[in-house]
2 protein chains.
Amino acid sequence: MPQNLDKKDKPQKDKPDKDIPVKGKKDKYHRILNAAIKVFAEEGFFHSTISQIAKEAGVADGTIYLYFKSKDDILLQFFNFKSARVLDRFRKDVNEANDAGSRLENLIHSHLREFQKDPNMAVVFQAEARKGRYLENRVNNLTKTYLGIVGEIIEQGQVEGVFRKDLYFSLVKRFVLGSVDEVINAWVNAGGKYELSSMADPLVDLLLRGIGSRSAMAGQ
Amino acid sequence: MPQNLDKKDKPQKDKPDKDIPVKGKKDKYHRILNAAIKVFAEEGFFHSTISQIAKEAGVADGTIYLYFKSKDDILLQFFNFKSARVLDRFRKDVNEANDAGSRLENLIHSHLREFQKDPNMAVVFQAEARKGRYLENRVNNLTKTYLGIVGEIIEQGQVEGVFRKDLYFSLVKRFVLGSVDEVINAWVNAGGKYELSSMADPLVDLLLRGIGSRSAMAGQ
DNA sequence: CTGATATATGAATCTACATTCATTTAGGAA
DNA sequence: TTCCTAAATGAATGTAGATTCATATATCAG
């Protein structure tokens, strides 16, 4: 029944490291996490304060430290949690199709859909993710995995003969990621006012065909 | 001879607002600015301290406030200064060519070249530019102008018939910006270890032709 | 109901810097 | 050489805000 089943029950001194209150369930944990993301999205990570987050979550400042090691830890947990969730979704949607073309399509649809579904997440990802220095590891994981998925699709497409074979591999991956990322960025900057998902088809088309006109591209 | 020619010479109280020491010329101003950018690039803006910057620049902490209103102001000045400089370069290089295709090529070459030339700037731009809230205006200015240049090129290319006419205009612009941006990002993340400029040609090729194979794209 | 443990609280603490300013130093006019 | 003003200095100041912790409250077993 006590929270730490495997330890002697030294009443105090166990580090607030891994032990999180269990009585109140995951409920409060997520309440705080969501509140934090909302605040981060509005103020930016560095300008956000624990007090703001606490108020937003409807708890006391101190309570936050029952669930998170530090302010940084909140952001970290967020990235871990969301990255996993989102990447899962991507993979699932990609596997929904079989040919490379449809898979790329699905990936991008999924990507835009997920970000549109959770604007706060989108803002925080766009704003704090590609930055780095101290979070880099975690976020790089998201980027790495994403690039991996794209890479697989590209390779498959080349085998299928629907994608060009003369591609600078690591460049193409960045090319795809960069385009999608910037489309999301634009949407975020615009305050999420329009349908992000509606960009998916035109974007896929651009990725596949490029901006050159048929005729101009004909000569080689 | 006094620094404020147009004001009564109240000895003290003039706000350190616009007046910058002139004796020591622009020299020290730029020394501090460059030091700051170096530190920002290494530590990230929020983790950088005035003391670090001062040490790097070889001046006293207080001296910085003779040249800048605040820490934020340093970043601001940097963006203003560099944006102008860089956009100028872009325009010049774009105008070096006459047809849209070459102009796009020049823009991207120029872009990668300039960022490669000044890695600290590149890092700070990539890291702090997309954040926002309080710098947004300035940075948006860079983005806006850049998108403008791209837009002009696209339009010209459509008239010339070398670019497709069925393009979602604002999307294409983001598409171009996003790709280039992410290529720079990758380079920055890799620690600037390779020739960034060498990505220009392959990237332009991707933008123009896309990743779809000729045959696959044939059927409309 | 009673005690015991788990949670929650928020005021008090502590620290890291940004910013200021009394003093010192440098430059140059007379 | 002597003054006077511009520049530079860096220790002292002030503050915001993260983190802690002594208390208070809720939960639950018996």
Side-chain angles (χ1 to χ4, degrees), chain A residues 1-5 7-32 35-36 39-40 43-76 134, chain B residues 1-5 7-32 35-36 39-40 43-76 134:
Chain A
M1 207 54 82
Q3 56 180 191
N4 41 349
L5 297 171
K7 295 175 183 174
K8 315 262 191 33
D9 43 321
K10 290 281 187 58
Q12 237 77 62
K13 266 297 78 164
D14 29 16
K15 49 195 79 159
D17 194 89
K18 199 64 245 189
D19 302 328
I20 275 178
V22 284
K23 279 289 186 32
K25 286 159 291 179
K26 298 276 183 148
D27 180 58
K28 197 158 290 186
Y29 173 84
H30 281 105
R31 198 136 58 82
I32 293 172
V39 175
F40 290 165
E43 311 279 332
F45 177 74
F46 286 100
H47 285 151
S48 302
T49 71
I50 293 291
S51 294
Q52 283 176 108
I53 296 169
K55 178 154 41 145
E56 179 70 37
V59 301
D61 293 21
T63 305
I64 290 182
Y65 290 88
L66 264 27
Y67 295 84
F68 299 90
K69 242 195 313 290
S70 66
K71 188 182 163 192
D72 279 25
D73 188 45
I74 301 177
L75 191 55
L76 221 51
Y134 73 116
Chain B
M1 207 54 83
Q3 58 180 189
N4 41 348
L5 297 170
K7 294 174 184 173
K8 316 261 192 35
D9 43 321
K10 291 281 187 58
Q12 239 77 59
K13 266 296 79 166
D14 28 15
K15 49 192 79 157
D17 193 89
K18 199 63 245 188
D19 301 329
I20 277 178
V22 284
K23 278 288 188 32
K25 285 159 292 179
K26 299 276 183 148
D27 179 58
K28 198 159 288 185
Y29 173 85
H30 282 104
R31 197 136 58 82
I32 293 172
V39 175
F40 290 166
E43 311 279 332
F45 177 74
F46 286 101
H47 284 152
S48 302
T49 72
I50 292 292
S51 295
Q52 283 175 110
I53 296 169
K55 179 155 40 148
E56 179 70 37
V59 300
D61 293 21
T63 304
I64 289 181
Y65 290 87
L66 263 28
Y67 295 83
F68 299 90
K69 244 197 309 290
S70 65
K71 188 183 163 191
D72 278 24
D73 188 44
I74 301 177
L75 191 55
L76 220 52
Y134 70 116

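Letters A, B, ... mirror the listed sequences (proteins, then strands); counts begin at 1.
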Original post:
Between atom CZ in A:F68 and atom P in D:dT20, what is the gap in whole Å?
Top reply: 15 Å
Original post:
What distance do B:I53 atom CD1 and B:T63 atom OG1 have between them, rounded to the nearest 0.5 Å?
Top reply: 13.0 Å
Original post:
Whole-Å distance between D:dA7 C1' and B:I64 CD1?
Top reply: 15 Å
Original post:
Can you check the A:I53 CD1 to D:dT19 C1' distance for me, whole Å?
Top reply: 13 Å
**OP:** Describe, in one word, how the ring planes of A:Y29 and A:F68 are oriented to each other, choosing from parallel (under 30°), tilted (30 to 60°) and perpendicular (over 60°).
**Re:** parallel
Distances for protein N or O near nucleotides 10-16 of chain C N or O, under 3.5 Å:
{"residue": "C:dG10", "atom": "N7", "partner": "A:G62", "partner atom": "N", "Å": "3.2"}

Subject >> Intermediate values then yes/no, ring pair (Phe, Tyr, Trp, His ring centres under 6.0 Å), B:H47 and A:F46 >> reply: CA-CA 10 Å; B:H47 284 152; A:F46 286 100; 5.4 Å; yes
**OP:** Figure out the NZ/C1' separation between A:K69 and D:dA18, and round it to whole Å.
**Re:** 16 Å
**OP:** Using only side-chain N and O atoms of A:Y65, determine if any of them is under 4.0 Å from OP1 or OP2 of C:dT9.
**Re:** no
**OP:** Please state how far atom CG in A:D73 lies from atom P in D:dT20, giving the value in whole angstrom units.
**Re:** 12 Å
Original post:
Could you give the CZ-to-P distance, from B:F46 to C:dA18, as a whole number of Å?
Top reply: 11 Å
**OP:** Specify the closest pair of heavy atoms between A:A35 and A:E56, including all atoms of both residues, with the distance to one decimal.
**Re:** CB-CG, 3.5 Å
Original post:
To the nearest angstrom, how far is A:F45 atom CZ from D:dG17 atom P?
Top reply: 13 Å
Original post:
Would you say A:I64 and A:I74 make side-chain contact, with heavy atoms under 4.5 Å?
Top reply: yes
Original post:
When you check the phosphate oxygens OP1 and OP2 of C:dA8, does a side-chain N or O of A:K28 lie under 4.0 Å from one of them?
Top reply: yes
Original post:
So, for B:S48 and B:F40, which heavy atoms are closest and what is the spacing to 0.1 Å?
Top reply: OG-CD2, 3.3 Å
Original post:
Rounded to whole angstroms, how far apart are OH on B:Y29 and P on D:dA8?
Top reply: 15 Å
Original post:
Okay, side chain of A:K28, backbone of A:A57: is any donor-acceptor separation there less than 3.5 Å?
Top reply: no
**OP:** Could you tell me the separation between the OH atom of B:Y65 and the CD1 atom of B:I32, rounded to the nearest 0.5 Å?
**Re:** 11.0 Å
Subject >> Relative orientation of the end axes in the helix from C:dC1-D:dG30 to C:dA30-D:dT1, expressed as an angle to the nearest 10° (five pairs per end) >> reply: 0°
**OP:** Measure across A:T49 and A:Q52 and return the closest heavy-atom pair with its distance rounded to 0.1 Å.
**Re:** N-NE2, 2.8 Å
**OP:** Give the nucleotide from the list D:dA8, C:dT19, C:dA8 with an atom nearest to the side chain of B:I50.
**Re:** C:dT19
Original post:
Quick one: which of D:dT19, C:dT19, C:dT9 gets closest to the side chain of A:L66?
Top reply: C:dT9
